[in-house]
2 protein chains.
Amino acid sequence: MNEQDFLAGYDPSAYPATAITVDVVALTIREGALHLLLIRRGQPPYQGHWALPGGFVQPDEDLATGARRELAEETGLGGDRLRRVHLEQLASYGAPDRDPRMRIVSVAHLAFAPDLPDPVADSDADEAGWLPVTALPSRQLAFDHARIVDDGLERARSKLEYTPLATRFLGPEFTIAELRGVYETVWGHPLHAGNFHRKVLSVPGFVESTGGSTERGGARGGPRARLYRSGDARLLHPALLRPAREETVR
Amino acid sequence: MNEQDFLAGYDPSAYPATAITVDVVALTIREGALHLLLIRRGQPPYQGHWALPGGFVQPDEDLATGARRELAEETGLGGDRLRRVHLEQLASYGAPDRDPRMRIVSVAHLAFAPDLPDPVADSDADEAGWLPVTALPSRQLAFDHARIVDDGLERARSKLEYTPLATRFLGPEFTIAELRGVYETVWGHPLHAGNFHRKVLSVPGFVESTGGSTERGGARGGPRARLYRSGDARLLHPALLRPAREETVR
DNA sequence: TTGAGAATTACTCGATCTGAGAACAACTTA
DNA sequence: TAAGTTGTTCTCAGATCGAGTAATTCTCAA
């Protein structure tokens, strides 16, 4: 039997029904706090619970494409704003009983976004919004989404150590203090301003100067700060050190 | 409509047929070279090509369970030997056209194993064996498995930096020189013996002394070496530094 | 039996990096 | 104008790293 004959006689429905979804752990920083995009489900299962934005993968789309589409649908974002969002695959979750409907494997993704507008209500009239990750209603998250969020947060904390992705939470131009704010928010630790400044400028390719400065000083005083944009490094070497790293590994 | 009614009326076959497979990038070290477990496919598609061990996930099993089962089936391993193998999820691959049969999403896993016996031929009479990763027949790997192997190798190199998983390539007791050999093999760089020794013993929880020594010196001379076993740390802090790290990020 | 070579382990030294603190100037609000 | 805040630079002690040296112990081969 050659390969073409084999494919012609192949019957996909002979295999048990499974489905693939993509879910997105979308993070942003609002008013100095880490926020997560959540949807309140309007339909069973888990009706009324908060859940990660996501849905079934279309037959013709890649996993990353599906995740970006779901993110766009929920945030109403498009074009350049959407393109600035960092999106990466997080992990897949496939416990047999994680969804009561059928066997569903979810390929979770992680997104870093600059401060985005509030999402608009979905066609299903689902409520949607950015919720602070502290004081999340863990018990109220649908499916195994609490676990996925935990994994996403740990991945985010870790990625800030050795990649320049912290800049993805900010606009195209930013100050070193704003960048430090991202690290402090995601890591949950205050950082030494002087040492952070020295470190960021000494790592090759992390940031590059725009030559400009802010129009005003800080809200409570201080001089105008110089402006920087993202450099061309994809990895930080040497990496930043996260203080008091916990003993956890996924 | 309550949740039970909803589930009763739910029709899984309404969704397009997709399938989930698990594939395993299983690595081991033989004669100082990194080896990868590969299967030569006995059936279309890609008949005659080398491929990663893997297969469809059973309806009642978890993704990690499926990966371990596939690994056991191909290596003929069981019990304690299998339990010593480190297995972690790598990433999922779901390009729409990656498999000519149907939409198949593969959840790839990564395994670190001590030197294992040669695999026995499968029931499908597929050939199987450990192949050195240098001089892999990249063009001859089935599906997108060359890409998966690349991702797995980079993950392995990276994991050796900040976790004690290098010990998983060795038996329960090992010398510092054997451990250094794992790093040199996976990273592809010779390491400074004295500095490596100092570093391994200074990182808390990496290794602990057994009190014993090897029976003989090295094959070409040298004193007997002290024996160590794996410590209880899950993360190495501070991490080991990989020399000449490339500018790549997944 | 002996000598050459190799490997384990320990030690040294200079360069670099880190954490902590201080200093100064520029800016805010009151 | 005074008081307080912040961006930026500098200093300094301690830790870490890369590279080299050395003592010792063993294997192999002459």
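In what follows, chains are A, B, ... by sequence order, proteins preceding strands, each numbered from 1.
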Under 3.5 Å, is there a donor-acceptor pair between the A/Asp115 and A/Thr28 side chains? no

Under a 3.5 Å threshold, yes or no: a donor from one side chain and an acceptor from the other, between B/Tyr93 and B/Asp151? yes

Hey, are A/Asp80 and A/Arg83 close enough for a salt bridge, meaning a charged N less than 4.0 Å from a carboxylate O? yes

Can you tell whether the side chains of B/Arg224 and B/Glu215 come within less than 4.0 Å, N to carboxylate O? no

Are [X] and [N] close enough that a side-chain N or O sits under 4.0 Å from OP1 or OP2?
| X | N | result |
| --- | --- | --- |
| A/His197 | D/dT9 | yes |
| B/Lys199 | D/dC17 | yes |
| B/Arg180 | C/dA7 | no |

Name the residue closer to the 5' end of DNA chain C, choosing between B/His192 and A/Pro238 according to the nucleotide with the nearest heavy atom. B/His192

Value in whole Å for how far the [atom2] atom of [N] lies from [atom1] of [X]:
| X | N | atom1 | atom2 | value |
| --- | --- | --- | --- | --- |
| A/Leu227 | D/dT8 | CG | C1' | 15 Å |
| B/Leu179 | C/dT8 | CG | C1' | 14 Å |
| A/Phe196 | D/dG7 | CZ | C1' | 13 Å |
| B/Asn195 | C/dC13 | CG | C1' | 12 Å |
| B/His189 | D/dG18 | NE2 | P | 12 Å |
| B/Leu191 | D/dG18 | CG | C1' | 12 Å |
| A/His237 | C/dC17 | NE2 | C1' | 12 Å |

Between the protein and nucleotides 26-30 of chain C, which nitrogen or oxygen pairs come in under 3.5 angstrom?
from: C/dA26; atom 1: N3; to: A/Pro223; atom 2: N; distance (Å): 3.4
from: C/dC27; atom 1: O4'; to: A/Gly222; atom 2: O; distance (Å): 3.2
from: C/dC27; atom 1: O2; to: A/Gly222; atom 2: N; distance (Å): 2.9
from: C/dT28; atom 1: O3'; to: A/Arg216; atom 2: NH2; distance (Å): 3.3

Which nucleotide sits closest to the side chain of B/Arg226: C/dA20, C/dT9, D/dA19? C/dT9

D/dG7, D/dG18, C/dA10: which one has an atom nearest the side-chain heavy atoms of B/Leu201? C/dA10

Begin from the C-alpha positions of A/Arg242 and A/Arg157 and carry the test side-chain contact (heavy atoms from CB on, under 4.5 Å) through to its verdict. CA-CA 8 Å; A/Arg242 167 158 44 142; A/Arg157 286 189 281 262; 3.5 Å; yes

Between the base of C/dG19 and the side chain of A/Arg198, is there a donor and acceptor pair under 3.5 angstrom? yes

Do other residues, nucleotides or ligands put more than 12 heavy atoms under 6.0 Å from A/Arg220 CZ? no

Would you call the rings of A/Phe206 and A/Tyr183 parallel, tilted or perpendicular, taking 30° and 60° as the class edges? perpendicular

